[in-house]
Amino acid sequence: MIIAILLAFFLKTFVFATSIVEGDSMYPTLQDDQRVVFNKFIYIFSQPKRGDIIIIKRPIKNYVKRVIGLPGEVIEMRNHQLYVNNKKVNEHYVSKDAINHTGNFGPIKIPKDSYFVMGDNRAISKDSRNGLGFIDEKDIIGKSEFIIYPFDEWSSTK
């Protein structure tokens, strides 16, 4: 019994944790009140990639957002199309409607050790464009892996 408790404590502290999605900024990928399991261990040995859904630690609350731009890149949104380093990027993870609600911005150079994030529901998302700013690598506490609640919606996050 003690080994099971210690193992559970170790896994929760260093490997996996849960977070509750608040609001509709990641809709339809994630919805308000869903509970996700995130991997705290993955970014010890690798870096976030474009398209990853990450958990961002902030003093008042954590945020769940998608990585759009990586350190040192220049990103720009023009005519509903994302450009990274002047090359078009296909955002297969975002609906056409959400892309059409993404206003023009940039070009923006992302600082070293920082990331640019946005919610999938671009029209209402608080993200790097309008309040969160660039995300320091040290503030990324994990990658979303699974939706575990509600139980009938259990699936991996994409």
Side-chain angles (χ1 to χ4, degrees), residues 1-23 25-31 33-77 82-95 98 102 106-122 125-129 131-151 153-158:
M1 180 75 128
I2 292 173
I3 292 172
I5 291 170
L6 289 174
L7 182 60
F9 175 76
F10 174 80
L11 289 174
K12 182 165 176 27
T13 303
F14 299 107
V15 182
F16 292 106
T18 62
S19 183
I20 297 173
V21 177
E22 295 180 18
S25 71
M26 286 298 293
Y27 181 84
T29 307
L30 298 173
Q31 298 175 24
D33 290 331
Q34 284 182 324
R35 189 173 299 264
V36 296
V37 172
F38 66 94
N39 183 337
K40 298 166 108 178
F41 192 70
I42 193 166
Y43 295 135
I44 292 173
F45 299 107
S46 66
Q47 303 295 314
K49 296 172 187 62
R50 186 176 349 280
D52 285 0
I53 298 173
I54 60 172
I55 313 302
I56 303 160
K57 184 178 181 173
R58 290 290 196 222
I60 295 174
K61 71 175 194 169
N62 294 342
Y63 289 88
V64 179
K65 300 293 174 190
R66 189 178 297 275
V67 174
I68 303 300
L70 306 174
E73 292 182 333
V74 176
I75 63 168
E76 179 178 12
M77 183 69 79
L82 176 65
Y83 292 85
V84 175
N85 297 329
N86 243 358
K87 294 179 183 162
K88 283 185 180 184
V89 174
N90 178 20
E91 293 187 279
H92 64 277
Y93 41 78
V94 181
S95 71
T102 307
I108 299 169
K109 177 144 172 98
I110 302 168
K112 179 183 174 202
D113 298 327
S114 294
Y115 293 83
F116 190 95
V117 299
M118 289 196 287
D120 288 357
N121 190 353
R122 306 273 172 86
S125 178
K126 178 179 179 181
D127 51 41
S128 290
R129 300 170 296 165
L132 290 183
F134 296 115
I135 305 302
D136 290 334
E137 187 171 9
K138 66 178 176 49
D139 293 333
I140 299 173
I141 59 174
K143 176 183 177 186
S144 176
E145 299 284 357
F146 300 102
I147 300 167
I148 59 167
Y149 183 84
F151 298 120
E153 295 176 16
W154 196 92
S155 65
S156 66
T157 54
K158 304 174 193 89

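Residues: numbered from 1 along the sequence shown. Because the structure is predicted, anything quoted here is derived from the model rather than measured.
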Answer whether the closest heavy-atom distance between the side chains of Phe38 and Lys143 falls below 4.5 Å. no

For the residue pair Tyr115 and Glu73, confirm or rule out a side-chain donor-acceptor distance under 3.5 Å. no

Residues that Ser25 engages under side-chain hydrogen bond (donor to acceptor under 3.5 Å, both in side chains), provided they are two or more places apart: Lys65

What are the two closest non-hydrogen atoms of Thr29 and Ile147, and how far apart are they? O-CD1, 4.1 Å

Side-chain heavy atoms of Leu30 within contact of Ile53, under 4.5 Å: yes

When you measure from the side chain of Asn39 to the backbone of Ile42, do you find a donor-acceptor pair of N or O atoms at a distance under 3.5 Å? yes

Here the pair of heavy atoms bringing Val117 nearest to Ser128 is N-OG, 2.8 Å

Considering only residues two or more places apart or on different chains, which pairs with a residue in residues 106-118 satisfy salt bridge (charged side-chain N to carboxylate O under 4.0 Å, His left out)? none

Under the side-chain hydrogen bond (donor to acceptor under 3.5 Å, both in side chains) test, which residues partner Tyr83, sequence neighbours left out? none

Minimum side-chain heavy-atom gap Met26-Thr157 below 4.5 Å: no

Run the side-chain hydrogen bond (donor to acceptor under 3.5 Å, both in side chains) test against Glu76 and tell me which residues pass, sequence neighbours left out. Arg78

Exercise: identify the closest heavy-atom pair between Val36 and Ser144: CB-OG, 3.9 Å

Indicate the atoms forming the closest heavy-atom contact of Arg35 with Ile20, along with that distance. NH2-CD1, 3.1 Å

Any ion pair linking Asp52 and Arg66 (charged N to carboxylate O, less than 4.0 Å)? no

Decide if atom OH of Tyr27 counts as having more than 12 heavy atoms of other residues, nucleotides or ligands within a radius under 6.0 Å. no

Kindly determine whether Arg50 and Val84 satisfy side chain to side chain contact (heavy atoms under 4.5 Å, CB included), including the steps that lead there. CA-CA 11 Å; Arg50 186 176 349 280; Val84 175; 3.8 Å; yes

Just how far is it from atom CE of Met77 to atom CD1 of Ile108, taken to the nearest 0.5 Å? 10.0 Å

What heavy-atom pair brings Val67 and Lys49 nearest, and what distance separates the two atoms? CB-O, 3.5 Å

By side-chain hydrogen bond (donor to acceptor under 3.5 Å, both in side chains), Arg122 pairs with (sequence neighbours left out) Glu91, Thr102

Shortest non-hydrogen contact from Ile56 toward Ile54: CG1-CD1, 3.9 Å

Could you tell me whether the side chain of Asn85 and the main chain of Val74 form a donor-acceptor pair under 3.5 Å? yes

Any side-chain heavy-atom pair from Ile141 and Lys40 closer than 4.5 angstrom? no

Decide whether Ser19 and Asn62 meet the rule of one side-chain donor and one side-chain acceptor closer than 3.5 Å. no

Please, which pairs that meet ring pair (Phe, Tyr, Trp, His ring centres under 6.0 Å) have at least one residue in residues 44-72, sequence neighbours excluded? Phe41-Phe45

Look up atom CG in Asp120 and atom CG in Asp127, then write down how far apart they are to the nearest 0.5 Å. 10.0 Å

dist Ile140:CD1 -> Gln47:CD (nearest 0.5 Å) comes out at 8.5 Å

With side chain to side chain contact (heavy atoms under 4.5 Å, CB included) as the criterion, how do Arg129 and Phe116 come out once you've worked through the C-alpha distance, each side chain's angles and the decisive distance to 0.1 Å? CA-CA 8 Å; Arg129 300 170 296 165; Phe116 190 95; 3.6 Å; yes

